[in-house]
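Inspection log for the structure reproduced underneath, given as structure tokens.
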Amino acid sequence: MKLKTVSLIVVFCLILVVNCSFSLAEESSKPKELTIAALAGMETDPLKAIIPLWEEQYGIKINLILYPYNSLYEKIVTTMVAGVSTYDVILIDDPWMPKLGKEGWLLPLDKELGYEKEDDIMPVSYDLGTWPPPYGPIPPGEENKEKELLALPLIGNLEFFMFRSDLIPEEPITWDDVYNIGSKFYDPKNGSFGYVIRGAAGNPVISEFYPMLVSFGGRIFDENWNVALNSPESVAALEMLLKLKTISPSGVEAYDAAERSREVAAGRAVQALIWPGEASQMIENPEVSQVVGKMKYIKIPKGLGKNGRHASLMGNWLLAIPKTAPNPEWAFKFILWVTSSDIQKIYAKNGGVPFRVSTLSDPELIKTYPFYPAMLDSLKIPPDWRPRTEEWFAVENILGTYVNAALSGQVSSQEAIEKAAKEIEEHMKEKGYL
Amino acid sequence: MKTRYDRAIKIFLLLIPTSFLLLVVIYPLIYTVVMAFRNESSHFVGLYNFARAFKDPQFFASVKSTLVYAVTAISIEFFLGMGLAFYVTNRIHNEVLKYIVYLSFIVPLVTPQIASGIIFRLLYIPNYGAINRILHLLGFELEPGWLTNPSLAVASAVSVDVWQWLPFVFLVFYAGFQSVPLDILEAAKVDGASTWMIFRKMQLPFMKPLILLVLIFRISDSLRVFDHVMVLTQGGPGRATEFLSIYLYKIAFKFWDLNYAAAISLFILVFMSALSLFLSKNLKAEVD
């Protein structure tokens with residue numbers, strides 16, 4: 001009996017010592033702060049709003065370092081090249097994934113940190129942060145690498161379609177419907193337009209044209225990086241864009257997102273493509289918009305022809321942990337926390353763009369953000385991503401220049417597609433893809 | 001002993017600005033030169049990146065469009081600036097009015113180029129841009145594509161340059177006209193010299209150093225044009241306003257071809273240095 005009591009006391013003491021040492025170890029490894037490199041701009045405001053909750057809950061300060069778009073990429077790349085342990089977490093634009101994945105600079109969240117996928121997150125959201133890409137062409141030299149999850153979304157941006165449901169009773173299914181419906185509203189003398197294009201050279205016009213290209217069954221590359229752009233589908237997609245220009249305000253070749261949203265918010269244009277940020281900050285903002293509650297948001301219409309389908313374009317911002325991160329375990333905890341369903345809801349209430357199915361289908365949030373169902377529908381298509389190559393920005397620039405030239409009447413649609421395809425092919429050859 | 005100590009202190013103090021200069025000016029330059037001779041894997045490739053420029057039609061297209069831009073903008077600024085300075089010097093005698101002209105010309109000079117770009121984008125943008133609205137209110141049915149028609153887009157970019165830099169040219173020439181001795185001018189007038197003769201034979205020789213100074217500043221600025229064009233057109237429509245600096249930016253930050261961008265920037269540097277040297281030599285000769 002005596003021996004039993006002594007043994008129990010010893011075991012109890014042992015458990016106590018082990019527990020204490022574990023919590024002491026955890027406490028001692030707990031950093032004072034985590035450093036996050038992120039984008040300067042309104043996209044990061046909702047993140048700033050929820051950071052105090054983390055600091056209160058975990059007692060770890062967040063040092064948020066904000067950079068403009070180009071500087072952020074440059075800082076991340078130079079830090080990685082130098083192997084400096086500066087950032088615990090980095091916020092990256094999804095087209096940067098090929099460069100960061102190829103160089104092996106990011107810590108695999110699944111293999112190294114034990115992340116387990118959730119049903120509440122659509123597979124395409126995981127695919128975006130996976131390297132090498134789970135489908136589509138894979139950059140040379142990357143084919144035999146094991147697929148790893150390197151990043152999780154924070155800003156679930158994707159493109160969808162909107163129209164004035166108070167004026168248009170039936171939603172457009174195809175791009176032809178968009179044109180036919182829009183033609184009825186085209187009355188420039190009275191400031192009424194059937195559609196509005198975001199047509200400025202480069203990235204703006206590609207955000208407009210790329211989903212249209214995919215919806216017509218066109219594509220830029222085949223599975224082996226051969227340039228597949230020069231096809232009847234691509235020309236048909238560009239012809240449709242030029243057709244839509246005839247029912248758009250004049251001068252859309254110079255329009256960026258702000259001008260497009262303004263035309264819709266002012267009640268002048270009745271249909272357009274849209275990103276979540278524009279919808280919440282402009283179209284559904286009663287301070288600047290005359291069409292609050294009058295818009296219906298749907299997935300992007302189908303292209304024509306036998307390959308026609310619905311399409312969307314993803315433009316997520318992802319959270320990743322550099323391999324050189326000073327506190328990778330706590331960085332991972334932060335990512336899990338910020339992407340958890342509870343915090344996603346608070347994040348969304350603060351104007352953040354969520355990506356979780358449960359958040360996008362939350363009835364309370366849908367009242368404020370009526371475009372969530374359209375985002376969820378678009379996620380289910382699934383949306384396309386920009387081809388996974390570090391050469392994407394060059395490709396976008398070449399195609400964006402020619403599509404803009406076609407819009408401004410300098411070249412025909414056939415000529416624009418042919419010239420862009422030729423130039424993209426030359427570039428990809430130079431970079432060793434072909 | 002003290003002298004040697006003082007000398008050491010002096011050398012040390014002189015080393016501080018020299019090191020700073022080396023770090024801030026010379027290091028980036030050397031780094032650019034090194035990059036221009038390497039490929040993206042940091043292997044030495046000799047003159048390959050420079051040779052690429054000679055085979056790149058877009059490089060020549062952007063050089064051509066930059067020259068068109070620079071020649072147009074500088075010619076307008078030069079002749080208009082000279083004319084205005086001459087007019088204000090000879091025809092406006094009211095000091096308050098002169099002061100108002102002087103003050104109003106300071107405003108564009110102190111406006112950041114990005115801000116100028118935004119102001120003019122709001123003026124030129126189709127549909128709700130102020131210029132087309134004014135045309136509409138005046139009863140004109142036309143809607144010129146200031147930013148969407150290739151030729152008009154170049155003209156629009158030039159107009160921002162003129163708005164911003166005409167005051168600089170005016171102020172320099174105005175100061176130049178003030179420096180011509182009054183007694184010489186009055187003597188010429190008494191002798192019956194015409195205004196044109198006075199300008200050509202007396203005022204212009206005094207202005208020569210200033211003319212060269214204006215040309216050095218304006219040529220180097222015009223060839224580097226970037227900010228306001230990026231805001232106005234982003235190089236479009238198509239490639240109509242893809243001037244050399246914008247092309248260079250795209251090569252570096254869209255194509256991420258930093259080695260080729262380094263080679264192009266060295267071309268620009270050599271060209272600009274040669275031009276500045278030539279103009280400076282002339283300027284020195286004039287001053288001497």
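Residue numbers begin at 1 in each chain, while the letters A, B, ... track the order of the sequences. Everything numeric in this text was worked out from a predicted model, so none of it was measured.
- With a 4.5 angstrom heavy-atom cutoff, A/Glu426 does not touch chain B via any of its atoms.
- Contact of A/Tyr73 with chain B is made through the side chain alone, with heavy-atom distances under 4.5 Å.
- Residue pairs meeting the salt bridge (charged side-chain N to carboxylate O under 4.0 Å, His left out) criterion with at least one member in residues 143-153 of chain B: none, sequence neighbours excluded.
- At a 4.5 Å heavy-atom cutoff, the contact between A/Lys431 and chain B is made by side-chain atoms alone.
- Of the atoms belonging to A/Asn203, not a single heavy atom falls under 4.5 Å from chain B.
- Ring centers of B/Phe267 and B/Phe50: under 6.0 Å apart, within the cut-off.
- Salt bridge A/Glu263/A/Arg268: present, at least one basic N to carboxylate O contact under 4.0 Å.
- Contact of B/Pro237 with chain A is made through backbone and side chain together, with heavy-atom distances under 4.5 Å.
- Residue pairs meeting the salt bridge (charged side-chain N to carboxylate O under 4.0 Å, His left out) criterion with at least one partner in residues 104-126 of chain B, sequence neighbours excluded, are A/Glu259-B/Arg121.
- Interface remark: B/Lys254 contributes backbone and side-chain atoms alike to the contact with chain A (heavy atom separation under 4.5 Å).
- With a threshold of 4.5 angstrom between heavy atoms, A/Pro204 approaches chain B through side-chain atoms but not through N, CA, C or O.
- Annotation: maximal heavy-atom pairing with chain B below 4.5 Å, among A/Ser250, A/Ala416, A/Ala405, occurs at A/Ser250.
- The two residues A/Tyr186 and A/Ser248 make their nearest non-hydrogen contact at CE1-O, 3.8 Å.
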